[in-house]
Amino acid sequence: MAGRMTGRRVLVTQAGDYMGPACVDLFRKEGAEVIADTGSLATKEQCNRIVEAAGAIDVLIVNLASPNHYGTLVTDLGEEAWQEVFNLLVHPLHRLVKSTLPRMIESRKGKIVVFGSAVPLRPMGRLCAYSAARGAQIAYVKSVGVEVARHNVQVNLIAQNWVENPSYYPPEMMDNPKFIKNLNEQVPIGRLARPEEDAALALFLSGPESDFFVGQAIPFSGGWAS
């Protein structure tokens with residue numbers, strides 16, 4: 001029996017990190033031809049090469065992670081740390097999207113799904129650089145989403161938090177009683193989301209059922225942010 005993504009070509013960036021593994025696994029199970037790229041996204045040329053090497057794609061999954069420097073006061077945040085999160089989260093997003101859109105616009109079909117963060121939706125102190133970069137992703141997706149909607153290209157973002165992944169929730173954190181207490185107090189659902197649940201939302205946003213979603217930042221945080 002054909003899967004929901006049979007016949008579709010999907011490019012996943014940083015496929016070995018963050019939400020990449022869960023996304024690659026689910027999309028392949030659903031019949032997609034997945035290009036699981038693990039190359040560097042540090043420069044415009046590298047981003048362009050990744051998109052060009054993938055060829056014609058139906059879906060771009062922009063999967064980007066960075067250190068969040070949590071706990072650092074704004075007055076103590078160094079210039080290097082500030083630049084780092086934008087170099088890892090914001091500039092690659094624009095370069096990948098800009099390189100991908102011409103083919104999608106020409107063919108009048110395409111989906112771009114960004115794994116973002118719910119952090120900008122709920123103010124948190126000592127997290128200014130990460131909040132600013134993730135907030136820039138949301139603003140970018142909203143703007144580009146409405147710009148390209150008339151070409152039948154849908155661009156949306158999953159604003160997530162409290163999702164199991166080794167980038168932000170390593171095993172040593174998961175075993176920390178303080179973390180468990182914090183989880184139970186802050187997240188109404190009282191647990192972390194499984195990666196498969198998050199990937200399922202990306203799958204929905206990559207399929208025809210989501211054609212009416214335009215420039216959305218969809219909270220996925222167990223009630224932590226809305």
Side-chain angles (χ1 to χ4, degrees), residues 5 8-24 26-27 32 34-39 41 44 46-48 50-51 54 57-66 68 85-101 103-105 109-121 130-149 151 153-163 165 167-168 193 195 197-207 210-221 225:
M5 298 296 291
R8 291 174 176 259
R9 301 186 76 249
V10 180
L11 170 60
V12 180
T13 67
Q14 290 189 345
D17 304 313
Y18 193 31
M19 297 309 304
C23 206
V24 169
L26 179 60
F27 276 63
V34 178
I35 300 98
D37 191 88
T38 57
L41 302 170
K44 178 179 72 173
Q46 288 170 320
C47 291
N48 290 345
I50 286 169
V51 173
I57 57 172
D58 301 287
V59 180
L60 169 65
I61 304 293
V62 183
N63 175 58
L64 303 170
S66 84
N68 58 27
V85 290
F86 281 83
N87 288 336
L88 292 173
L89 298 178
V90 180
H91 304 319
L93 170 61
H94 172 60
R95 293 161 180 164
L96 290 164
V97 170
K98 184 179 179 181
S99 295
T100 299
L101 278 176
R103 278 198 181 106
M104 289 185 172
I105 291 172
K109 63 176 182 177
K111 304 278 187 177
I112 298 176
V113 180
V114 181
F115 280 110
S117 174
V119 166
L121 307 181
Y130 187 78
S131 297
R134 288 298 193 184
Q137 287 185 327
I138 290 174
Y140 181 85
V141 164
K142 287 183 175 182
S143 178
V144 175
V146 298
E147 179 180 330
V148 301
H151 302 292
V153 178
Q154 291 82 41
V155 184
N156 294 289
L157 179 146
I158 300 173
Q160 68 183 61
N161 200 6
W162 305 102
V163 180
N165 69 85
S167 296
Y168 295 116
E197 294 176 288
D198 201 1
L201 179 53
L203 183 72
F204 167 75
L205 292 172
S206 300
S210 64
D211 284 354
F212 209 63
F213 284 72
V214 171
Q216 297 293 297
I218 302 170
F220 185 81
S221 60

query = Is there a side chain to side chain contact (heavy atoms under 4.5 Å, CB included) between K111 and L205 once you walk through the steps?
reply = CA-CA 7 Å; K111 304 278 187 177; L205 292 172; over 6 Å; no

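To the nearest 0.5 Å, atom CG of residue N165 and atom CE of residue M19 are 6.5 Å apart. Between the NE2 atom in H91 and the SG atom in C47 there is a gap of 11.0 Å [rounded to 0.5 Å]. Once rounded to the nearest 0.5 Å, the distance linking CZ of F27 with CG of L11 reads 11.5 Å. Rounding to the nearest 0.5 angstrom, the gap separating the CG atom in D37 from the CD atom in Q14 is 9.5 Å. Summarising the geometry, atom CG belonging to L41 is positioned 4.5 Å from atom CD1 belonging to I50; distances are rounded to the nearest 0.5 Å. Once rounded to the nearest 0.5 Å, the distance linking CG of N48 with OG1 of T100 reads 9.0 Å.
The shortest distance between side-chain heavy atoms of N161 and L121 does not fall below 4.5 Å. Taking 4.5 Å as the limit, every side-chain heavy atom of L64 sits out of range of all side-chain heavy atoms of L88. At least one side-chain heavy atom of V59 sits less than 4.5 Å from a side-chain heavy atom of M5. Here the side chains of R134 and I138 are not in contact, with every heavy-atom distance at 4.5 Å or above. The shortest distance between side-chain heavy atoms of V51 and L60 does not fall below 4.5 Å.
Of all heavy-atom pairs between W162 and S221, the closest is CD1-O, 4.0 Å. Shown here for P195 and V163, the closest heavy-atom pair between the two residues is CA-CG1, 4.4 Å. Looking at every heavy atom in both residues, S117 comes nearest to P120 through O-CD, 3.3 Å. Of all the heavy atoms in S206 and R8, the pair that sits closest is O-NH1, 3.5 Å. In this structure, G20 and V12 approach most closely via the heavy-atom pair CA-CG1, 4.3 Å.
At distances below 3.5 Å, at least one donor-acceptor pair connects side-chain atoms of S99 with backbone N or O atoms of R95. Looking only at distances, a side-chain donor or acceptor of Y168 sits under 3.5 Å from a matching main-chain atom of S66. Side-chain atoms of Q137 do not come within 3.5 Å of backbone N or O of L93 as any donor-acceptor pair. Without hydrogens or angle criteria, N156 side chain to V113 main chain gives no donor-acceptor distance under 3.5 Å. A donor-acceptor pair under 3.5 Å is formed between the side chain of S167 and the backbone N or O of Y18. For the pair Q160 (side chain) and F115 (backbone), a donor-acceptor distance under 3.5 Å is absent. Using modelled atom types, one side-chain atom of T13 and one backbone atom of N63 make a donor-acceptor pair closer than 3.5 Å. Although no hydrogens or angles enter the test, the distance criterion places a donor-acceptor pair under 3.5 Å between the side chain of S210 and the main chain of G207. Of the possible polar contacts, one joining the R9 side chain to the A54 backbone as a donor-acceptor pair under 3.5 Å is found. In this structure, Q216 contributes its side chain and V214 its backbone to a donor-acceptor pair below 3.5 Å.
Each of I61, I35, L203 was compared with V10 under the side-chain contact (heavy atoms from CB on, under 4.5 Å) criterion, and only I61 meets it.
Here D17 pairs with nothing under the salt bridge (Lys or Arg N to Asp or Glu O under 4.0 Å) rule; sequence neighbours left out.
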